[in-house]
Amino acid sequence: MEYLVLVISAVLVQNILLAQYLGNCPFLGVSKQMETALGMSGAVIFVITLASVITWMIYWWVLIPLHLEYLQTIAFILVIASLVQFIEIFMKKTMEPLYRALGIFLPLITTNCAVLGVALLCIKNDYSFGEMLVFSISSSVGYALALILFAGLRERFAISRIPEPLQGTAIGLVTAGLMSLAFLGFTGMT
Amino acid sequence: MRIIREFTKGFTTELTPFRLVLGLCPTLAVTTQADNGLGMGLATTFVLVCSNVLVSLLRHIIPQKVRIACFIVMIATFVVAVELLMQAFFYPLYQRLGIFVPLIVVNCIILGRAEAFASKNPVMYSAVDGLGIGLGFTLSLTVLGGIRELLGTGALFGHPLLGASFEPFGFMIKAPGAFVTLGILLFLMNLLTSLGRKRAH
């Protein structure tokens, strides 16, 4: 039951994109087409989950015993950057089709603040291993949900008449605001 | 002369986050109040100037292939320094900004300036570039925070301005307000630019 609340809260109520503003640059960058949005979503779910597990272990098993908590930012970003690189090499060797589908999105993920953000939130909220796992999976699923919905909306922009100064990012942001308003409606569900 | 140009471009052609749509996450997240925006902007400026100077000093030493990793380590070092400084001297602000202080590491503006400017230019210009872009970012954040705070709570920098009869527009300080306000500001800037261009013709 506790986990179910955590899932609903992370996917809908506290959606990392629309309620916590994490990972907005790729959100506006890759959401112009459904296909790239799907690729990015897959890569994000994979990397956020793996990165949260590894940074959680590093924090509790390495940094805490050595009293180096203040180094968490630098340690986490290094872990994430090398993890992304490692996943890229590993996937290229063993999972060729998946690599081709996700390939170009992987390097972009290093600077996606949602990855570091979720890792930091897991530490800040003092999650246990199980809670951390559930939280990171559902947060990234929430990210994917918002990204795919938004890409669907954005594909429509191509065929609608938008005033020239509003084109591009401006209308994207206003649309994201309206979507965020819709997600605000889930407040109070948990 | 060039120094002045490198400084002022941060407020005109390369004003982040409006002209270059970079660094959106902190822009949207911390601008519920004008002073949060100001604090976040200044913290980012500090990291940006320091990392630009260091990247520029080491630009002939860092091997091309591993440069991004090196930049990230340098930026992360300065971010940790800012985190510790803020904890020591500005603790309430540090608590309000929350995880967005460590997240300065992944602010694309900083890595972007290191890669596009500091790794190719001398130290003096890089420092001025960092300062200009950083202060432009601070200005944008403060203005955005000011608008949202004024409409959302009727106050500016914590001082009530609009009187007791003003009904606060709660939408503005919630998440959707951030997206919509930034979108509308971007629209106004595009509109002004295109009007200016028409007049020039």
Side-chain angles (χ1 to χ4, degrees), chain A residues 14-29 70-78 80-82 85 107-121 123-124 162-184 187, chain B residues 17-18 20-31 68-69 71-84 87 98-112 170-171 174-195:
Chain A
Q14 289 291 326
N15 187 293
I16 48 170
L17 248 175
L18 297 169
Q20 312 218 35
Y21 323 92
L22 291 171
N24 273 298
C25 301
F27 176 58
L28 290 163
Y70 62 91
L71 283 181
Q72 66 165 354
T73 312
I74 200 162
F76 284 11
I77 191 70
L78 285 177
I80 291 169
S82 41
Q85 201 85 67
L108 283 177
I109 287 184
T110 313
T111 53
N112 183 335
C113 49
V115 181
L116 186 60
V118 171
L120 288 169
L121 280 175
I123 301 301
K124 200 179 157 220
I162 298 165
E164 200 203 332
L166 261 175
Q167 274 169 15
T169 318
I171 190 78
L173 281 166
V174 175
T175 315
L178 296 178
M179 260 181 81
S180 165
L181 193 61
F183 272 76
L184 203 64
T187 316
Chain B
F18 294 110
L20 316 170
V21 188
L22 288 178
L24 284 179
C25 307
T27 309
L28 293 166
V30 304
T31 53
I68 300 286
F71 295 164
I72 289 184
V73 176
M74 290 180 215
I75 296 168
T77 314
F78 290 118
V79 171
V80 173
V82 164
E83 255 183 279
L84 296 176
Q87 275 178 36
I99 63 162
F100 287 91
V101 181
L103 282 179
I104 297 176
V105 179
V106 281
N107 188 327
C108 10
I109 297 170
I110 299 173
L111 192 61
F171 168 80
K174 293 241 170 64
F179 287 105
V180 174
T181 315
L182 189 65
I184 290 173
L185 283 179
L186 206 61
F187 158 69
L188 289 176
M189 287 197 73
N190 289 342
L191 192 67
L192 286 176
T193 320
S194 68
L195 284 178

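Each chain gets a letter, A, B and so on, in the order its sequence line appears, and its residues count up from 1.
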| message | If you count heavy-atom pairs within less than 4.5 Å of chain B, which of A:L120, A:L178, A:I74 leads? | response | A:I74

| Distance in Å, A:L181 CG paired with B:F171 CZ, rounded so as to fall on 0.5 Å steps | 5.5 Å

| query | By a 4.5 Å heavy-atom criterion (distance strictly below it), what part of B:T77 contacts chain A: side chain, backbone, both, or neither? | reply | both

| Do A:M179 and A:L17 touch side chain to side chain, with heavy atoms closer than 4.5 Å? | no

| task | Measure across B:A175 and A:A19 and return the closest heavy-atom pair with its distance rounded to 0.1 Å. | result | CB-CA, 4.1 Å

| query | Heavy-atom distance under 4.5 Å to chain A: side chain of B:V73, backbone, both or neither? | reply | both

| Checking B:A69 against chain A: side chain, backbone, both or neither under 4.5 Å from a heavy atom? | neither

| request: Would you check if there is a donor-acceptor pair between the side chains of A:T73 and B:E83 at a distance under 3.5 Å? | output: yes

| query | A:L166 versus chain B, heavy atoms under 4.5 Å apart: side chain, backbone, both or neither? | reply | both

| note | Cut-off 4.5 Å, heavy atoms of chain A, and the answer for B:L84 is side chain

| task | Taking all non-hydrogen atoms of both residues into account, name the closest pair between A:Q14 and A:Q20 and its distance. | result | O-NE2, 3.4 Å

| said: Between B:L191 and chain A, with a heavy-atom cut-off of 4.5 Å, which part of the residue counts as in contact: side chain, backbone, both or neither? | reply: both

| remark: To the nearest 0.5 Å, atom CG of A:N24 lies from atom OG1 of B:T27 at 9.0 Å

| message | Using heavy-atom distances under 4.5 Å, tell me whether A:L116 contacts chain B through its side chain, its backbone, both, or neither. | response | both

| message | Test your reading of the model: is there a side-chain donor-acceptor pair from A:Q167 to the backbone of A:I162, 3.5 Å cut-off? | response | yes

| message | Give the interface residues of residues 103-110 of chain B toward chain A, defined by a heavy-atom separation under 4.5 Å. | response | B:L103, B:V105, B:V106, B:C108

| said: Can you tell me how far apart OG (A:S82) and CD1 (A:I80) are? Round to the nearest 0.5 Å. | reply: 9.0 Å

| task | Could you check which of B:V180, B:T181, B:L24, B:I99 has the highest count of heavy-atom pairs closer than 4.5 Å to chain A? | result | B:I99

| query | Do A:I123 and A:F76 touch side chain to side chain, with heavy atoms closer than 4.5 Å? | reply | yes

| said: Can you tell me which portion of A:Q85 sits under 4.5 Å from chain B's heavy atoms? Options are side chain, backbone, both or neither. | reply: neither

| Roughly how far, to the nearest 0.5 Å, is CD1 of B:I184 from CZ of B:F179? | 14.0 Å

| With sequence neighbours left out, what residues match B:Q87 under side-chain hydrogen bond (donor to acceptor under 3.5 Å, both in side chains)? | B:Y94

| field | Interface residue of largest heavy-atom contact number with chain B, from A:I171, A:L71, A:L18, under 4.5 Å | value | A:L18

